[in-house]
Amino acid sequence: PYKKAHKCIRITTNPLLIVPQDLQIDPMNRRHPLNSEQMRDQTVVLFWDGYIRTPYIFYEKGQYAVRFKAKGTKAKGVFARIKVEFETPNDHNYLKTLNHSYIELGREMKEYTFSFQSKRESLGRIRITYFNDLQVAGTRKGRDVWLKELYIAKHKPSN
């Protein structure tokens with residue numbers, strides 16, 4: 001039922017580039033005029049706690065890596081943090097997280113990697129959640145996240 005009900009991307013190139021227009025933003029944050037701002041260089045900006053996610057992708061059995069460039073700002077001594085997850089629907093069509101990683105971003109745009117395994121052919125998606133937003137009252141200081149160049153690649157088995 002999930003395969004018919006949702007738009008699905010098949011990985012036909014390795015790596016697969018997910019462009020900002022393909023990312024879906026948390027419906028609660030989509031209403032904020034500044035959130036999910038797309039800059040000219042294809043960077044997506046998250047100003048509030050919330051998530052972005054890829055559309056459903058058909059994964060073959062195997063090991064995968066997600067690569068993306070990101071940076072964050074610092075407030076009260078702590079940089080912006082994100083959680084990267086690989087989630088798939090179970091037999092009852094409820095989403096379950098199969099693998100996740102927490103990442104504290106730095107002030108420079110750099111590449112981060114998240115690896116996961118698809119144990120069987122399945123639909124799945126990558127969710128990136130920004131969860132420690134802070135705006136320091138009376139100042140212009142706050143935590144924000146910038147993301148770009150999201151790639152998903154299947155590891156080729158070594159012989």
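Atom set for the values below is all heavy atoms of this structure, side chains included, hydrogens, waters and symmetry mates excluded.
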Exercise. Check the surroundings of atom CD in E111: do more than 12 heavy atoms from other residues, nucleotides or ligands lie under 6.0 Å from it?
Key: yes
Practice problem: For K154, look at atom NZ and say whether over 12 heavy atoms of other residues, nucleotides or ligands are found less than 6.0 Å away. | Solution: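 Check passes, neighbour count above 12.
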When rounded to the nearest 0.5 angstrom, what distance separates [atom1] in [X] from [atom2] in [Y]?
X    : Y    : atom1 : atom2 : result
I18  : L147 : CD1   : CG    : 13.5 Å
E87  : L123 : CD    : CG    : 12.0 Å
L17  : R67  : CG    : CZ    : 9.5 Å
L105 : R143 : CG    : CZ    : 11.5 Å
I52  : I126 : CD1   : CD1   : 11.0 Å
K119 : Q63  : NZ    : CD    : 10.5 Å

Are the side chain of [X] and the backbone N or O of [Y] linked by a donor-acceptor pair below 3.5 Å?
X    : Y    : value
S118 : K61  : no
E104 : F79  : yes
K148 : M109 : no
N99  : S115 : yes
T129 : F131 : no
Q135 : K141 : yes
R81  : N132 : no
T73  : D144 : yes

Heavy-atom check, side chain of [X] versus side chain of [Y], under 4.5 Å:
X    : Y    : answer
K76  : V136 : yes
T113 : V66  : no
L95  : R125 : yes
T54  : L150 : yes
I82  : Y112 : no

Self-check item: Minimum heavy-atom distance A153-P15, with the two atoms named
Solution: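 Shortest heavy-atom contact: CB-CB, 3.8 Å.
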Practice problem: Show your reasoning for whether side chain to side chain contact (heavy atoms under 4.5 Å, CB included) applies to F68 and E149. | Solution: CA-CA 5 Å; F68 58 93; E149 297 181 7; over 6 Å; no
Practice problem: Please list, chain by chain and in numerical order, all residues satisfying ring-ring contact (aromatic ring centres under 6.0 Å, His included) with Y59, sequence neighbours excluded. | Solution: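 For Y59 the ring-ring contact (aromatic ring centres under 6.0 Å, His included) partners, ignoring immediate neighbours, are Y64, F86, F116.
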Practice problem: Carefully, step by step, assess F114 and I152 under the rule side chain to side chain contact (heavy atoms under 4.5 Å, CB included). | Solution: CA-CA 9 Å; F114 166 71; I152 301 172; over 6 Å; no
Practice problem: Indicate if L23 and I103 have the same hydrophobic cluster label, given that clusters are the connected sets of ILVMFWY residues with side-chain heavy-atom separations under 4.5 angstrom. | Solution: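 Linked within one cluster.
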Quiz prompt | Steps toward side chain to side chain contact (heavy atoms under 4.5 Å, CB included) verdict (K71, E108) | solution = CA-CA 6 Å; K71 71 177 183 176; E108 301 296 323; 5.9 Å; no
